[in-house]
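Encoded as structure tokens, the structure appears first; notes follow it.
In what follows, chains carry the letters A, B, and so on, assigned in the order in which the sequence lines appear, proteins first and then strands, with residues in each chain numbered from 1. As the structure is a computational prediction, the values presented were derived from the model and not from experiment.
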Amino acid sequence: MSIFDYFRNGKKDTASIAKERLQIIVAHERNQRSQPDYLPKLQQELLDVIRKYVDVDQDQVEVQLDNNGNCSVLELNIVLPDR
Amino acid sequence: MAKIIVVTSGKGGVGKTTTSAAISSGIAMRGHKTAVIDFDIGLRNLDIIMNCERRVVYDFVNVINGEANLRQALIKDKRAENLYILPASQTRDKDALSVEGVERVLKELADDGFEYIICDSPAGIEHGAFMAMYFADMAIVVANPEVSSVRDSDRILGILQSKSRRAEQGERVEECLLLTRYNPERVEKGEMLGVKDVEEILATKLLGVIPESETVLKASNQGIPVIHDKESPAGQAYSDAVARILGEEVEHRFMSVEQKGLFQRLFRRSA
């Protein structure tokens, strides 16, 4: 260690930042990977149907598939706009 | 039964071809009949790394299309006795490889007595990379201690676990991690991801750590796989990795900073 290392005190080293960022993105991407391929299309089609009746944004619809043992739950979360 | 090993990474430039050349040479030098196949159709490079670029007559695609037989296309390595190279084609047709064609060539190699078949994957996750990994029994995922490479490695691990033939049959490809261009000094300073960090993020068994070394470029300049350089830390690290592939227990090296002499330490302090 050189004396210059003392100036870094208080600041996180860049390798720790890299590790933290990677852990977050990798966990997120693994979660997406375990979802079936049809989910994005399902989300899009559901959105199209809902839009026929209500004006909702793309990001106001959330589709999630959870597996609990041998039973899967399709969770649909739609935020309707304020009247 | 031949063991099929894919060398893959997702990201380009991390050392797949260098690794394929070194690992295949190392296995062959240990007495096993080995073939190394370049799957990078259109961007053939294994031949130049292994110094046989002027001996290419027929290639992988010629064999698949029946324009040449395997014996005509395989190039015998001049350094390692039991090693044969199957070069990629320079065609621009990316879809020249078919599942059936690749399977036929692999089977023919196995029937011919090859014990190990190393598949050098192209970068990316497209057709060529998929073909290289599909039949693999074992996957060496090459990564640099750097964010984009580690992220791409995780993608590749996901594909191996879902799209490979073994995965389709409900089995698992034996996956392992090879960390290349490792610089223990920078890791110690907190400037580079450490091997434990990468292992933890990817949750994959470590095959080896190849230290960053000037000898790697010198070796490719000459077309001599770096494993032939017995003095080089990178060459020694590859030899260790080969021993592990062959089932030996070898302690990991080159992961920490070497103790420097007093003179060097004084010099570093003042720098």
Side-chain angles (χ1 to χ4, degrees), chain A residues 1-48 57-78, chain B residues 10-11 125 141 143-164 167-168 175 177 179 181-204 209 212 255-257 259-260 264-271:
Chain A
M1 289 276 164
S2 78
I3 56 162
F4 294 108
D5 294 333
Y6 291 107
F7 293 109
R8 286 211 313 252
N9 271 353
K11 244 198 239 167
K12 228 190 236 176
D13 62 47
T14 55
S16 313
I17 299 171
K19 186 182 180 186
E20 230 167 79
R21 292 174 60 218
L22 274 168
Q23 278 173 324
I24 294 166
I25 190 68
V26 163
H28 177 76
E29 286 177 344
R30 277 185 196 159
N31 193 32
Q32 281 192 328
R33 200 191 291 160
S34 59
Q35 292 180 341
D37 297 339
Y38 61 73
L39 223 56
K41 192 152 184 268
L42 176 73
Q43 173 162 355
Q44 188 55 50
E45 286 179 16
L46 281 169
L47 188 70
D48 292 341
D57 278 339
Q58 179 83 39
D59 53 358
Q60 296 301 299
V61 178
E62 207 181 296
V63 183
Q64 208 176 332
L65 193 69
D66 291 321
N67 287 311
N68 299 319
N70 53 3
C71 149
S72 300
V73 178
L74 182 71
E75 195 179 297
L76 201 57
N77 201 341
I78 303 159
Chain B
K11 190 175 182 297
I125 50 173
V141 177
N144 290 166
E146 176 271 326
V147 286
S148 55
S149 170
V150 175
R151 181 198 200 174
D152 290 357
S153 298
D154 191 68
R155 290 271 289 155
I156 285 292
L157 287 165
I159 295 170
L160 282 162
Q161 288 157 17
S162 60
K163 301 269 167 30
S164 62
E168 286 174 1
E175 300 147 0
L177 170 70
L179 206 54
R181 301 193 120 170
Y182 196 70
N183 185 334
E185 272 134 42
R186 298 198 75 184
V187 173
E188 198 173 78
K189 283 193 226 162
E191 294 175 358
M192 183 181 268
L193 285 163
V195 56
K196 291 277 165 275
D197 299 330
V198 181
E199 265 187 285
E200 191 186 322
I201 294 162
L202 297 177
T204 302
V209 173
E212 183 155 58
M255 286 168 34
S256 50
V257 182
Q259 275 307 317
K260 284 189 176 154
Q264 275 174 297
R265 275 206 297 220
L266 282 172
F267 188 74
R268 197 168 105 83
R269 283 260 163 100
S270 61

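By a heavy-atom distance cut of under 4.5 Å, B:V150, B:R151, B:D154, B:R155 are the residues of residues 149-156 of chain B near chain A, going up by number.
Closest non-hydrogen pair, B:L193 versus A:A15, comes out as CD2-O, 3.6 Å. Listed here is the closest heavy atom pair of B:V147 and A:L22: O-CD2, 3.5 Å.
Heavy-atom contacts from other residues, nucleotides or ligands closer than 6.0 Å to CZ of A:R33 number more than 12.
Between chain A and the residues B:L202, B:V198, B:D197, the most heavy-atom pairs under 4.5 angstrom are made by B:D197.
Under the side-chain hydrogen bond (donor to acceptor under 3.5 Å, both in side chains) criterion, A:E75 pairs with no residue at all, not counting sequence neighbours.
The line from CG of A:D13 to CD of B:E188 is 11.5 Å long, rounded to the nearest 0.5 Å.
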